[in-house]
Protein chains: 2
Amino acid sequence: MDKDLLKQLRKLSQQYAYTSIQMHEAVARKAGFSGTDHKYLGFFLQKGAMTAGELSSLTGLTTGAVTGLIDRFEKKKLVKRQFAAADRRKVIIEPNTKNIMALLEPLYKEYRNKSGKLMASFSVEELKTIEAYFVKAIEIMTETTDKLNNK
Amino acid sequence: MDKDLLKQLRKLSQQYAYTSIQMHEAVARKAGFSGTDHKYLGFFLQKGAMTAGELSSLTGLTTGAVTGLIDRFEKKKLVKRQFAAADRRKVIIEPNTKNIMALLEPLYKEYRNKSGKLMASFSVEELKTIEAYFVKAIEIMTETTDKLNNK
DNA sequence: GTAATTATCTTAGCCACTAAGATACTTAAT
DNA sequence: ATTAAGTATCTTAGTGGCTAAGATAATTAC
């Protein structure tokens, strides 16, 4: 067992997380977001339309905070409120993917190019290894997050 | 070239980042941190002691915000202020790694166990592939962050 | 048809952030 | 040495997003 390798990898995965947080924040600032809005905007790109309540439980924010969040996004034309036909209490938040992309893409462009090149430098086998790691690691983090939040 | 694999991997790496942010936040809440302090606490574990000014440029916070940040950490005995001998204007912030660890470790314990097992399930070759990916990806993200922040 | 529930919004109060300027120390110039 | 300029941190006033609690509006259960 290569303990040093494991230790090094653990450290790297932590550093990877921190570094991505920092990049994420730098992008947010550049995009003109105050505070943490960029983080929540990502949920829309990932999951698509959702109700205010879903966003609240997804983000852990109170419904009041979500109201404000959507207000800010709506003002910037990044999302649109729509009442659900089936249940008119519900507010469906429809992301304007085009506008969101137009805002974020230029800021991520260079990163995308570089990381594309990086990926291309690996063989298919290697990429599958990395993929497998990501899939499992995401699972573990999601489990951990759920446990921390729900009790 | 396996384009689907590349696309999938790109998506996964993004999801990995978001998921780690969410876990990070869940830990923060559980540890009793208001807002984003946990994120900045990580800098100390990574980089060790630094001056207030370094922390400011590292985090992108104003010096005023850093003063408040250190006040909160100091009150919780997670860091200690010390005037630099060479230049008494400078305030060196010494992390109390022991206390920080004692606070965070229990919350990360299960995650550490699980991700340890995950890593152990890969061969040494595979781990080296993952390591190589991490190292390069971190480089790229750091470059991107620097460019976004410094102009 | 009334009560209970659910989903979102509103309000008051709090706290961390920025911007600007104050304080304290250091370095450079004469 | 003295003065000026520069640097590092802290302080203060004002802003804005967050929570908690309650209001509003729609739905479901009895």
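To the nearest angstrom, C1' of D:dC10 lies 15 Å from CG of B:Leu55. Spacing between atom NZ of A:Lys39 and atom P of D:dG17 amounts to 14 Å, rounded to whole angstrom units. Rounded to whole Å, the distance from CZ on A:Arg72 to P on C:dC9 is 13 Å. The distance between atom CZ of A:Phe73 and atom P of D:dG17, rounded to the nearest whole Å, is 11 Å. Whole-Å rounding puts the A:Arg88 CZ to D:dT24 P distance at 18 Å. The interatomic distance linking B:Phe83 (CZ) with D:dT7 (C1') rounds to 15 Å, in whole Å. When the C1' atom of D:dC10 is taken as reference, atom CD1 of B:Ile93 falls 13 Å away, rounded to whole Å. Atom pair A:Leu69:CG and C:dC9:C1' shows a separation of 14 Å (rounding to whole Å applied).
Nearer the 5' end of DNA chain C, as judged by each residue's closest nucleotide, is the contact made by A:Val91, out of B:Asp87 and A:Val91. Nearest-nucleotide positions on DNA chain D place B:Lys90 closer to the 5' end than the other of B:Lys90 and A:Gly60. Between A:Arg29 and A:Glu54, it is A:Glu54 whose nearest contact on DNA chain C lies nearer the 5' terminus.
Each of C:dT18, D:dC18, D:dT11 was ranked by its minimum atom distance to the side chain of A:Leu61; first place goes to D:dC18. Considering only the side chain of B:Thr51, D:dT9 comes nearest among D:dT9, C:dT18, C:dC9. Taking the side chain of A:Thr62 as heavy atoms from C-beta on, and the options D:dC10, D:dT19, C:dC25, the nearest nucleotide is D:dT19. Relative to the side chain of A:Thr67, the nucleotides D:dC18, C:dC25, C:dC9 differ in distance, and C:dC9 lies closest. For A:Arg89, whose side chain is taken as the heavy atoms from C-beta onward, the closest listed nucleotide among C:dC9, C:dC25, C:dT5 is C:dT5.
With hydrogens and angles ignored, the 3.5 Å screen pairs no side-chain donor or acceptor of A:Asn99 with any backbone N or O of A:Leu78.
Within 6.0 Å of the CZ atom in B:Arg112, the count of heavy atoms belonging to other residues, nucleotides or ligands does not exceed 12. Environment of NZ in B:Lys136: sparse, with no more than 12 heavy atoms of neighbouring residues, nucleotides or ligands closer than 6.0 Å.
Two rings, from A:Tyr40 and A:Phe73, have their centers 6.0 Å or more apart.
In this structure, A:Ser56 reaches neither bases nor backbone, as no heavy-atom distance under 4.0 Å exists between it and the strands shown. Within the nucleic acid shown, B:Ala52 comes within 4.0 Å of sugar-phosphate atoms alone, with no base atom in reach, counting heavy atoms only. Counting any heavy atom pair closer than 4.0 Å across all strands shown, A:Gly53 reaches sugar-phosphate atoms only and no base atom.
Ring geometry, B:Tyr16 versus A:Tyr133: the interplanar angle falls from 30° to 60°, so the pair is classed tilted.
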